[in-house]
2 protein chains.
Amino acid sequence: MKYDVAIIGSGPAAISAALTLKLHNKSIIWFGSKKLSPKVEKSEKIANYPGVPMVTGPELNRLYREQIEAMGLEITERQVTNIAATKRGFMVLGGSDIYDAKTVLLATGAVSGKGFPNEAELLGHGVSYCATCDGFLYKGKTIAVYCGSKDFEHEVTYLAELADKVYLFTPYDCDLSRENITVNPGKLKAICGEKKANGIELLDGTMLDVDGVFILRPAVAPANLIKGIDLNGADIVVDRNMATNKPGCFAAGDCTGRPYQLTKAVGEGNVAAHSIVAYLAE
Amino acid sequence: MKYDVAIIGSGPAAISAALTLKLHNKSIIWFGSKKLSPKVEKSEKIANYPGVPMVTGPELNRLYREQIEAMGLEITERQVTNIAATKRGFMVLGGSDIYDAKTVLLATGAVSGKGFPNEAELLGHGVSYCATCDGFLYKGKTIAVYCGSKDFEHEVTYLAELADKVYLFTPYDCDLSRENITVNPGKLKAICGEKKANGIELLDGTMLDVDGVFILRPAVAPANLIKGIDLNGADIVVDRNMATNKPGCFAAGDCTGRPYQLTKAVGEGNVAAHSIVAYLAE
């Protein structure tokens, strides 16, 4: 089926948009985590969210989950790694399946920087964001994996079952133990290769030969998610209606820039939802 | 004293901004109604405000009031009828007193249209928004009063104590009874006069001679509140930081245009507050 809208992300901006789009009877495919925003979850006390005085992050996420469930909204726990604009909408790659949608809402959160050097250039050429999609290509080979969060460790395990050798890089203390996994052999500096990734460089200058590189992160940088989207630094450029430069593609929340505040995010999600309703009516 | 910021309005955008400005230790003079937004109050059920599922308007306003009080914020119940930009900030006329502020946040809500024909042109020339300020000028004279809400009836009574004759126009059933007040002698169509208001025209074509006209409304149209502010129709033009064309003057909520949604309003109030903090730091 072709959905009215694909929502990417499950933080406050996405939640706000989903509630309003649902009220407008739009068909929604919503990609994210049922646990919702880890950033909200880690907030100790939120003092400036109107209507919910001095709430803790976990409590607010609990309220959000209740509200989502009561509204009959569902989150599909698949990572979106590519969005392609077509003549009549968008093809969204979620996990290893393709979903059709007339419009897209990017609510992917703030992404620090643009990833590793050469990451964007070699994406699809030895660099992959999706273990399920591309893992089989590296059966018996040597790969590097950057795992940005414990949530993706099951994907590392899956890759290690296929590959011969795995260099694993994590920004946290990782206790993953497996014969063919070398955990944090150093700090990953860059991906190497001309037309195809063929190695990695560590911060200390060490070069390691690899056949492929997997980057597993909660949020994919928008520039790598959808080609040709206008950015200002790492921020998606939007107008007052939350429209990006790509017709039918809207953005809301931290991914559009500061202030990184949930109150700002819910407001933008609401505006984006109304703009999407108007766009679909055209 | 000179306040860091004057907030005009007491709906969701103003509340959101006030909470954040208070967290940033800014000194605030906040004009509005302690009862908060009548528009929220009249909402039966709000389904798309993230974090507060299926809330009624009165319940949400109650939550807001608690939060405002807990944060030590106070609302000054004076109507702002004029804001003048000075070299170092703004002079705000609230009731009959003048307040100094470095910045201004307009969160005045949606205003339908631009008022009566000639209202803006003759403001200060026989047309007044402020009974307390200008009432004494009409001692023993004949005046027309447009009273937009029951909340302003005490001002009508005050004017009737001074004036000889009062033509009163209300958009609601008014039971104000006083010898020298003629309640709803017809529907007010326009204010008449070249350089000074000297009459009014009713919808049925009747012309009535008056010495002055008072317009008492909960929200004053932004164009009449602050000279030279950029509008698009009735909406205040703002950029993504909620800045207007007047340096130091920001706007948020329904007064910046659709969607007229409280979730949008709280988001804009949050962004405006952060922009004000940044502006004050310059």
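Since the structure is predicted, the reported quantities are computational estimates derived from the model, not experimental observations. So you know, we letter chains A, B, ... as the sequences are listed, proteins then strands, and number each from 1.
Counting only distance, with no hydrogens or angles, the side chain of B:Q67 and the backbone of A:Y49 share a donor-acceptor pair below 3.5 Å.
If you measure heavy-atom distances from A:A47 to chain B, the contacts under 4.5 Å come from both the backbone and the side chain. Interface residue A:V238: backbone and side-chain heavy atoms are both found under 4.5 Å from chain B. Heavy atoms of A:S275 lying under 4.5 Å from chain B are absent altogether.
If you tally non-hydrogen atom pairs under 4.5 Å between each of B:G51, B:A265, B:G257 and chain A, the highest count goes to B:G51.
No more than 12 heavy atoms of other residues, nucleotides or ligands shown are found within 6.0 angstrom of NZ on B:K42. Atom NZ of B:K227 sits in a sparse spot, with 12 or fewer heavy atoms from other residues, nucleotides or ligands closer than 6.0 Å. Summarising the local packing, CD of B:E77 is surrounded by more than 12 heavy atoms from other residues, nucleotides or ligands at distances under 6.0 Å. Heavy-atom neighbours of B:E41 CD from other residues, nucleotides or ligands within 6.0 Å: above the threshold of 12. The environment of A:K34 atom NZ is dense: over 12 non-hydrogen atoms of other residues, nucleotides or ligands sit within 6.0 angstrom. With a 6.0 Å radius and a threshold of 12 heavy atoms from other residues, nucleotides or ligands, A:K2 has its NZ atom above the threshold. Counted within 6.0 Å of CE on A:M71, heavy atoms from surrounding residues, nucleotides or ligands total more than 12; the atom is thus considered enclosed. Counted within 6.0 Å of CD on A:E69, heavy atoms from surrounding residues, nucleotides or ligands total 12 or fewer; the atom is thus considered open.
Among all heavy-atom pairs drawn from B:P50 and A:V266, the shortest one is CG-CG1, 3.8 Å. In terms of heavy atoms, A:D239 sits closest to B:R240 at O-CD, 3.8 Å.
At least one side-chain heavy atom of B:N270 sits less than 4.5 Å from a side-chain heavy atom of A:P259. At least one side-chain heavy atom of A:Q261 sits under 4.5 Å from a side-chain heavy atom of B:H274.
With rounding to the nearest 0.5 Å, the separation of CG in B:L19 from CD1 in A:I46 is 13.0 Å. Summarising the geometry, atom CG belonging to A:N48 is positioned 5.5 Å from atom CG belonging to B:L23; distances are rounded to the nearest 0.5 Å.
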